[in-house]
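Have a look at the structure below before the remarks.
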Amino acid sequence: MSNQEILNFTDKMLQPNIFPRIEEYVEKRTTSGPLIVELDPTSACNFQCPECISADLLNKGGIKDERLMELIGEFHEAGVKGIIFIGGGEPLAHKLMPDPIVKAHNLGMSIGLTTNGSLLNRYLEEIANCVQWTRVSVDAGTPEIFSKIRPSHIPNAFSKVTSNIEALAKIKKGILGYSFLLIERHDPNGQIVTNVQELFCAARLAKNLGCDYFEFKPAVDMHHNLIPLSNNLKQEIIRQKPLLEALKTDKFEVVSPKSIDYLLTNSSSNQPKTYQTCPSLELRTVVTSTGIYPCPYKRGYENQKVGGIDVNFNDYWKSDERQNNTKSVNPSKSCLFYCIRHEQNLLLHLLANGQEEGINLLPYMIQTPQTDDVFI
Ligand code: SF4
């Protein structure tokens, strides 16, 4: 398991178990269903992280119990291969947990889970048995920094989260990651609050707890723009990179998204797009209690909503309304920030444009071996 395997979404699209859906998109510019659904079961959260990109969306209710269970079945009917339980909110705070996870697993879908880790102990066994990957947002390596970066009313929260990670590591069947968002902010007194100095300390802790990987990544603002790294931050990352490298073994990986390199080498965090439709929206979608959104970057914006959750998901996906709403999202106008799907979009446009001009590039795509990793 390497950076390449975990985060190279473009290569993952070429897996033989994924490729038929890519072919479907290239031939029809639409799909019979998304491969991946990001599902926010609830907007409730027991933390109050100042850097939370979903702060405006929190604690406004969740998907009703019965509807949540129905949706899982409808995703399966629509050909969804993987569900990521995530938020807007802490997914494990939904009172029906772990039933939606178990149901999705029993239907044969792969499960990803992004969590703050504080409630893992409630459903340890089910998560260990049903979830392909769990990523715990910790953003710290000590209780002192944790209390500043991820404040909550939970007593000994850092100890609770790290104990939960350790307990899951002992019995999990899937992959377990420790996530670290690089944060630098000024407190009301003008003092800098940052976690960057403990990047290595957190990575070493992740390894000792039994995680499979440690991921560090840049913070984004409420509008999903990458927050540029200050010179201090850049220097600190560069200083600690060799230490992080030294932690790697065949059982433990240190990964970082391309956005880090982008920020280290570009003065601006903008990423202009020249294409007018977003093919990724045919492969992934975001379902929340307030509606369906095209992608996580548009989550919660009323004017970006592409559908409601009260209609059958399978019918919704195939409807003209959904297809028209999806096609109306114009990345050259509304996605000028760094987007994790950009490279996938470039490839999909290349394939689709070739097909339009009578050049079928699909047979020339060298398919990567089957890894059963549906999380493109
Ligand atoms: S290009 Fe725009 S619409 Fe497409 S995934 Fe990125 S942010 Fe979302």
Side-chain angles (χ1 to χ4, degrees), residues 6-14 18 21-22 24-26 28-31 33-40 52-54 56-57 80-84 86-88 112 114 181 217-228 257-263 266 268-288 290-307 316-317 321-353 374-376:
I6 297 173
L7 297 175
N8 195 330
F9 304 114
T10 310
D11 271 7
K12 284 189 196 178
M13 289 199 311
L14 304 177
I18 300 295
R21 205 74 60 96
I22 304 298
E24 188 187 16
Y25 170 77
V26 171
K28 301 184 190 155
R29 302 293 186 281
T30 187
T31 57
L35 285 162
I36 301 295
V37 169
E38 290 195 33
L39 177 63
D40 298 359
C52 179
I53 53 167
S54 301
D56 284 353
L57 313 175
V80 170
K81 286 187 178 281
I83 301 177
I84 301 173
I86 192 168
T114 296
L181 197 63
K217 54 191 177 185
V220 291
D221 66 19
M222 298 279 285
H223 306 289
H224 299 278
N225 299 301
L226 283 177
I227 298 174
K258 288 182 179 169
S259 50
I260 285 274
D261 295 330
Y262 196 81
L263 282 181
N266 285 281
S268 160
S269 62
N270 289 348
Q271 187 194 54
K273 319 279 183 307
T274 52
Y275 43 86
Q276 274 106 49
T277 56
C278 177
S280 294
L281 307 187
E282 290 290 336
L283 302 172
R284 299 177 58 113
T285 197
V286 176
V287 176
T288 80
T290 59
I292 302 178
Y293 298 89
C295 73
Y297 299 92
K298 317 282 183 190
R299 175 190 265 116
Y301 293 109
E302 185 60 29
N303 61 351
Q304 307 279 352
K305 206 192 290 190
V306 285
Y316 154 76
W317 191 264
E321 187 194 358
R322 197 279 306 172
Q323 292 180 20
N324 292 337
N325 286 348
T326 301
K327 286 195 180 95
S328 72
V329 178
N330 182 344
S332 74
K333 293 204 169 128
S334 66
C335 315
L336 304 181
F337 44 79
Y338 183 93
C339 169
I340 199 172
R341 303 288 152 207
H342 181 52
E343 286 184 11
Q344 286 175 306
N345 283 343
L346 290 175
L347 175 61
L348 289 162
H349 274 301
L350 179 76
L351 295 172
N353 291 342
V374 300
F375 295 100
I376 58 161

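All ligand and atom numbering here is 1-based and tracks the order in the structure.
Atom 8 (Fe) of ligand 1 lies under 2.8 Å from an N, O or S atom belonging to C295.
Ring pair H342/Y275: centre-to-centre distance below 6.0 Å. Between Y293 and Y301, a ring centre-to-centre spacing not shorter than 6.0 Å is recorded.
For the salt bridge (Lys or Arg N to Asp or Glu O under 4.0 Å) with E282, the lone residue among R322, K327, R21 that qualifies is R322.
In this structure, the side chains of C339 and K273 come closer than 4.5 Å at one or more pairs of heavy atoms.
Nearest protein heavy-atom contact of atom 4 (Fe) of ligand 1 is C278 SG, 2.3 Å. In terms of protein heavy atoms, atom 1 (S) of ligand 1 is closest to N345 ND2, 3.6 Å. In terms of protein heavy-atom proximity, atom 6 (Fe) of ligand 1 is nearest to C339 SG, 2.3 Å. Nearest protein heavy-atom contact of atom 2 (Fe) of ligand 1 is C335 SG, 2.3 Å.
Which parts of ligand 1 touch V329 is read off a 4.0 Å heavy-atom cut-off, strictly below it: atoms 3 (S). With ligand atoms numbered from 1 in the order given, ligand 1 contributes 7 (S) to contacts under 4.0 Å with heavy atoms of F337.
Remark: the backbone N or O of V220 is not paired with any side-chain donor or acceptor of N225 at under 3.5 angstrom.
The two atoms that bring C278 and N345 nearest to each other are SG-ND2, 3.4 Å, heavy atoms only.
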